[in-house]
Amino acid sequence: MEIKEASLFHEFKGDIQGKVECSKKLYKDAKSFYKTVDESLSDDTIMYEVSVVNSDYKTEGHLNWGISLLHPVLVNGECNMTRGHFHEDLNCEEYYWCASGSGLLMLMDENGKTWCEQMKEGSLHRIDGAHAHRLINTSNEDLKVICVWNANAGHDYSRVEQHPFQYRLFKRNDEICVEEI
């Protein structure tokens, strides 16, 4: 019998090692997420990074594993956040595990009801497949979240653009302020 080395390794305080797809969301590509454009931010500011181990199969029963890393950037006082999405297959749930930092997981049901769950190191969050979700960094350090989801879930960004999350979060004098849209 042959004993092989694992093809992937994830030190929970480090990055995924192995066959990983990495992307960076720059401010120039994220401006539409925020209430206003911040002229003081460079278009090349890295807002967040995503590293993913994609399943070779996009079929039911296969999983993806990834890390979302949100930097502590403010856009005219608005907290940095991911684009947010529904899944194309609403039967596919997802799990988020906060590896470091702190922030919020914003969720929205199909009727527009919006709420948040606090994220802190070690917190685990089950995301119903029918709920839109986005990460928000409310701290002064990186927010690092490990994600596991079905390979066939897909991402439906257009639904969130047509029916956006109903709240925005700002940091003013080190206090988090919530504004309804």
Side-chain angles (χ1 to χ4, degrees), residues 23-51 66-88 90 92-149 153-181:
S23 64
K24 294 179 181 180
K25 182 65 77 177
L26 303 177
Y27 180 56
K28 67 180 177 185
D29 302 315
K31 288 180 181 181
S32 65
F33 305 173
Y34 300 93
K35 183 175 182 178
T36 59
V37 173
D38 189 335
E39 298 297 337
S40 70
L41 274 180
S42 166
D43 279 350
D44 294 331
T45 301
I46 300 170
M47 305 303 284
Y48 61 91
E49 303 170 54
V50 178
S51 302
I67 298 174
S68 292
L69 180 68
L70 282 78
H71 300 295
V73 179
L74 296 176
V75 179
N76 289 326
E78 189 170 3
C79 297
N80 190 17
M81 61 188 157
T82 58
R83 184 175 181 183
H85 64 273
F86 280 96
H87 288 164
E88 290 173 356
L90 300 179
C92 293
E93 63 182 23
E94 186 166 2
Y95 278 89
Y96 282 1
W97 180 71
C98 186
S100 63
S102 61
L104 296 170
L105 168 60
M106 184 174 279
L107 300 150
M108 179 175 66
D109 69 17
E110 294 183 273
N111 297 316
K113 180 182 175 189
T114 305
W115 66 99
C116 290
E117 293 181 5
Q118 290 185 329
M119 301 192 87
K120 60 183 180 181
E121 189 170 328
S123 64
L124 182 63
H125 307 266
R126 179 189 165 273
I127 302 168
D128 185 287
H131 293 159
H133 44 285
R134 79 168 9 144
L135 292 168
I136 304 169
N137 187 344
T138 59
S139 73
N140 296 321
E141 61 183 304
D142 285 340
L143 171 63
K144 186 177 196 175
V145 178
I146 297 171
C147 316
V148 180
W149 69 101
H155 296 89
D156 185 351
Y157 299 106
S158 64
R159 283 183 65 196
V160 171
E161 290 166 4
Q162 294 166 6
H163 304 285
F165 292 91
Q166 297 301 301
Y167 298 91
R168 296 183 171 278
L169 281 84
F170 293 83
K171 188 181 263 190
R172 297 188 181 108
N173 300 319
D174 280 334
E175 295 288 324
I176 301 303
C177 303
V178 178
E179 287 186 12
E180 190 168 358
I181 293 179

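Position 1 is the first residue of the sequence, and the numbers go up from there.
- Checking each of Tyr34, Tyr27, Tyr48 against Asn80 for a side-chain hydrogen bond (donor to acceptor under 3.5 Å, both in side chains) leaves exactly one that passes, namely Tyr34.
- There is no side-chain donor-acceptor pair under 3.5 Å between His163 and Glu110.
- The shortest non-hydrogen separation linking Phe33 to Arg168 is O-NH1, 2.9 Å.
- For Leu70 against Thr82, the heavy-atom pair with the smallest separation is CD1-CG2, 3.8 Å.
- Looking at every heavy atom in both residues, Val50 comes nearest to Ser68 through CG2-OG, 4.1 Å.
- Here the closest heavy-atom approach between residue Met106 and residue Leu169 is recorded as CE-CD1, 3.4 Å.
- Counting only heavy atoms from C-beta outward, the side chains of Leu143 and Cys98 approach each other to under 4.5 Å.
- Within the 3.5 Å criterion, the main-chain N or O of Ala130 finds a donor-acceptor partner in the side chain of Asp128.
- Side-chain atoms of His85 do not come within 3.5 Å of backbone N or O of His155 as any donor-acceptor pair.
- Of the candidates Gln118, Glu94, Glu117, His133, Glu117 is the only one forming a side-chain hydrogen bond (donor to acceptor under 3.5 Å, both in side chains) with His125.
- Here the closest heavy-atom approach between residue Asn76 and residue Thr36 is recorded as ND2-OG1, 2.8 Å.
- The minimum heavy-atom distance between Ala153 and Trp149, with the atom names listed, is CB-CD1, 4.2 Å.
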